[in-house]
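Notes follow once the structure below has been shown.
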Amino acid sequence: MPPAGRLTAEQRDWLRVRSYLLKQRYELALEAADEYPAESKIAGTPLLTVPGWQPSAPVPIQDIGLELSTGPVADFRDDGAAPALPVRPDGTRYLRYSDALRDLAAPAIFENRSTYRLIEAELTGSAPRLAFTRGRYFDGIDTGEAAAHEYAAKRLDGRPAGRRGRAGDPCDLRRRPVNLAISTLTLRLDRATGRASFPLHWRDPAKVGHAGGLYQVLPVGVFQPSGDAAWNERGDFSLWRSMIREFAEELRGRSEDYGSDQGPVDYDSWPFARRMTEALDRGQISVWCLGLGVDPLTYATDLLTVAVIDSLVFDQEFSLNPRGNEEGEVLAAREFAGHVIGHLGTREPVQAAGAAVLRLAWAHRETLTG
């Protein structure tokens, strides 16, 4: 960030609103959710959804069909938002929120990597499917995080919120670029006792570009290739492979650098990936999709999943001990119980997607842990 004395008045004002957004993100999300009808929210949480995204029963993750369109996609640009962004000392105005964020308040992890952009979703029929095309990470920042900033400015100073009006229905995948995150509740299941527990993640606002300061299930990650090299696009186009990488990073401390700029990730010869997949095939791991939803403040879109891992496998691969990681802190495990989930959903600043997957998992606990 430039020295404070060299900032323009508009840059300082932008930072003031950004600071308010970071400090009040949870409360602002609850206020934003109040603008939508109760029937559009998942399990009484702020997370927004539509009927086609809410399966009546958990769907095995392997039953979801994936489609990828690889034709050229225009670089997303919303010049209509330019007047809401600050002027630099040289008199030019930022044209994208990601440019302002990178210049003035960049988190530790902030790269415009390739993503799989969600364009269609149907999870309730006999053939659940998700359709994607090519995207970039900053597309989501330039729409969703910018909309959250605008909402914060409206609450702070009463400024108009034109961007949110232009975005229309947050669940309309045609109105904006949508980067899908896979939010996974990880349950360590002791089959001898029938008891389960789960870790939580605190997302450090100094390290992440989205949902800083909130609690979340883990692992969570944007559905994207492991790198920008062309061979990764097809090789990494798998919900399960994406989840394996996030398990390795968030629960085992592995770097996000897979060396895939030199060649594709070989999941068959990667020992951890092979062991996890073998456990999945043996039924010692089961992975379920519970739905899809949109954050009312940031428009972040999450696939809600649960990974149930037998305690023997979990203890061989992971630890429940609290520790730091590249995006925040892994907190002490909680008991998977109704009163714990009720407390988290009403007394703690849990990200909307995390609150939703916790409540849905408890509602479907007999299927998930039976």
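Just so you know, these numbers come straight off a predicted model, no measurement behind them.
- Judged by distance alone, with hydrogens and angles left aside, the side-chain atoms of Gln351 form no donor-acceptor pair with the main-chain N or O of Leu214 at under 3.5 Å.
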Stepwise, does the side-chain contact (heavy atoms from CB on, under 4.5 Å) test hold for Trp288 with Thr367?
-> CA-CA 10 Å; Trp288 308 84; Thr367 299; 4.1 Å; yes
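- A salt bridge links Glu10 with Arg93: the closest approach of a Lys/Arg side-chain nitrogen to an acidic carboxylate oxygen falls below 4.0 angstrom.
- Judged by distance alone, the side chain of Thr184 and the main-chain N or O of Thr186 form no donor-acceptor pair under 3.5 Å.
- Not one N or O on the side chain of Arg195 forms a donor-acceptor pair closer than 3.5 Å with the backbone of Leu189.
- The two residues Gly227 and Asn232 make their nearest non-hydrogen contact at O-ND2, 3.3 Å.
- In terms of modelled atom types and a separation under 3.5 Å, the side chain of Glu317 and the main chain of Phe272 share no donor-acceptor contact.
- The shortest side-chain heavy-atom distance between Thr305 and Leu185 does not fall under the 4.5 Å cut-off.
- The existence of a salt bridge linking Glu256 and Arg113 is confirmed by a sub-4.0 Å separation between a basic side-chain nitrogen and an acidic carboxylate oxygen.
- In this structure, CZ on Phe110 lies 5.5 Å from OG on Ser98, to the nearest 0.5 angstrom.
- A donor-acceptor contact shorter than 3.5 Å is absent between the side chain of Thr133 and the backbone of Arg117.
- Between Glu122 and Arg129 there is no salt bridge, since none of the side-chain N atoms of the basic residue sits less than 4.0 Å from a carboxylate O of the acidic one.
- Judged by distance alone, the side chain of Arg136 and the main-chain N or O of Asn112 form a donor-acceptor pair under 3.5 Å.
- Remark: Leu200 CG to Glu329 CD distance equals 12.5 Å, nearest 0.5 Å.
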When you look at Tyr151 and Arg155, which way does the side chain to side chain donor-acceptor pair (under 3.5 Å) test go after all the steps?
-> CA-CA 6 Å; Tyr151 189 86; Arg155 284 290 181 265; 2.8 Å; yes
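- Of all heavy-atom pairs between Ser238 and Leu66, the closest is CA-CD1, 4.1 Å.
- With rounding to the nearest 0.5 Å, the separation of CG in Leu180 from OG1 in Thr301 is 7.0 Å.
- Checked by atom type, the side-chain pair Thr92/Asp90 shows a donor-acceptor distance below 3.5 Å.
- With hydrophobic clusters built from ILVMFWY side chains whose heavy atoms lie under 4.5 angstrom apart, Ile109 does not share a cluster with Leu22.
- Cation-pi check for Arg254 over Tyr258 is met; the charged atom lies under 6.0 angstrom from the ring centroid and within 45 degrees of its normal.
- No hydrogens or angles considered: a donor-acceptor pair under 3.5 Å links the side chains of Trp240 and Thr277.
- Side chain of Ser242 to backbone of Leu239: no donor-acceptor contact under 3.5 angstrom is found.
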Do Val17 and Leu156 pass the side-chain contact (heavy atoms from CB on, under 4.5 Å) test, and can you show the C-alpha distance, the side-chain angles, and the key distance before you say yes or no?
-> CA-CA 8 Å; Val17 175; Leu156 190 59; 4.2 Å; yes
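- A heavy-atom distance below 4.5 Å is not found between the side chains of Leu331 and Pro322.
- The pair Arg188-Asp315 meets the salt-bridge criterion, with a side-chain N (NZ, NE, NH1 or NH2) lying under 4.0 Å from an Asp/Glu carboxylate O.
- By the 4.5 Å heavy-atom criterion applied to side chains, Tyr299 and Leu48 are not counted as neighbours.
- Put simply, the side chain of Asp302 never gets that close to the backbone of Leu304: no donor and acceptor are under 3.5 Å apart.
- Across all non-hydrogen atoms, the minimal contact from Phe247 to Pro219 is CE2-CD, 3.5 Å.
- Glu67 and Ser69 share no side-chain donor-acceptor pair at under 3.5 Å.
- Looking at heavy atoms from C-beta onward, Pro58 lies in side-chain contact with His364 at the 4.5 angstrom threshold.
- Grouping the Ile, Leu, Val, Met, Phe, Trp and Tyr side chains by contacts below 4.5 angstrom, directly or via other members, places Leu368 apart from Leu312.
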Should Trp14 and Tyr94 be marked as a ring-ring contact (aromatic ring centres under 6.0 Å, His included) after you check the CA-CA gap, both sets of side-chain angles, and the distance that decides it?
-> CA-CA 11 Å; Trp14 186 93; Tyr94 294 106; 7.6 Å; no
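- Here Arg16 pairs with Asp157 in a salt bridge; the nearest charged N to carboxylate O distance falls below 4.0 Å.
- Salt-bridge check for Glu326 with Arg203: failed, with every basic side-chain N at 4.0 Å or more from each acidic carboxylate O.
- If you take OH on Tyr116 and CG on Asn179, they are separated by 12.5 Å, rounding to the nearest 0.5 Å.
- Taking the six-membered ring where tryptophan is involved, the planes of His149 and Tyr97 are perpendicular, since the angle between them exceeds 60° and thus also 30°.
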Can you check side chain to side chain donor-acceptor pair (under 3.5 Å) on Asn321 and Ser319, steps first, answer last?
-> CA-CA 5 Å; Asn321 294 330; Ser319 168; 3.2 Å; yes
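- Residues Asp169 and Arg176 form no side-chain contact, since every pair of their non-hydrogen atoms from C-beta on lies 4.5 Å or further apart.
- Here the closest heavy-atom approach between residue Pro46 and residue Ala352 is recorded as CB-CB, 4.2 Å.
- Look at Arg274 and Asp266 and you find no salt bridge, because none of the NZ, NE, NH1 or NH2 atoms lies under 4.0 Å from a carboxylate O.
- If you take CG on Leu118 and CG on Leu303, they are separated by 9.0 Å, rounding to the nearest 0.5 Å.
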Between Phe336 and Ile341, does a side-chain contact (heavy atoms from CB on, under 4.5 Å) hold up when you go through it step by step?
-> CA-CA 7 Å; Phe336 184 57; Ile341 291 169; 3.6 Å; yes
Thr49 vs Val294, side-chain contact (heavy atoms from CB on, under 4.5 Å): CA-CA, chis, key distance, verdict | CA-CA 6 Å; Thr49 193; Val294 177; over 6 Å; no
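- The main-chain N or O of Glu366 is never found under 3.5 Å from a side-chain atom of Thr369 such that the two would form a donor-acceptor pair.
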Criterion salt bridge (charged side-chain N to carboxylate O under 4.0 Å, His left out) on Arg245 and Glu250, from CA distance to verdict | CA-CA 9 Å; Arg245 298 201 311 272; Glu250 294 191 10; over 6 Å; no
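- Considering every non-hydrogen atom in both Glu233 and Pro225, the closest pair reads CA-CG, 4.3 Å.
- A side-chain donor-acceptor contact under 3.5 Å links Trp231 to the backbone of Ser260.
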Full working for salt bridge (charged side-chain N to carboxylate O under 4.0 Å, His left out) between Arg282 and Asp310 | CA-CA 11 Å; Arg282 290 193 303 266; Asp310 283 9; over 6 Å; no
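- Annotation: cation-pi pair Arg365/Trp362 present, NZ/CZ under 6.0 Å from the ring centroid and within 45° of its normal.
- In terms of heavy atoms, Arg25 sits closest to Thr298 at NH1-CG2, 3.5 Å.
- Atoms CZ and CG, from Arg102 and Asp99 in turn, are 5.0 Å apart once rounded to the nearest 0.5 Å.
- Note: the hydrophobic cluster containing Ile64 does not contain Ile119 (ILVMFWY, side chain heavy atoms under 4.5 Å, direct or indirect links).
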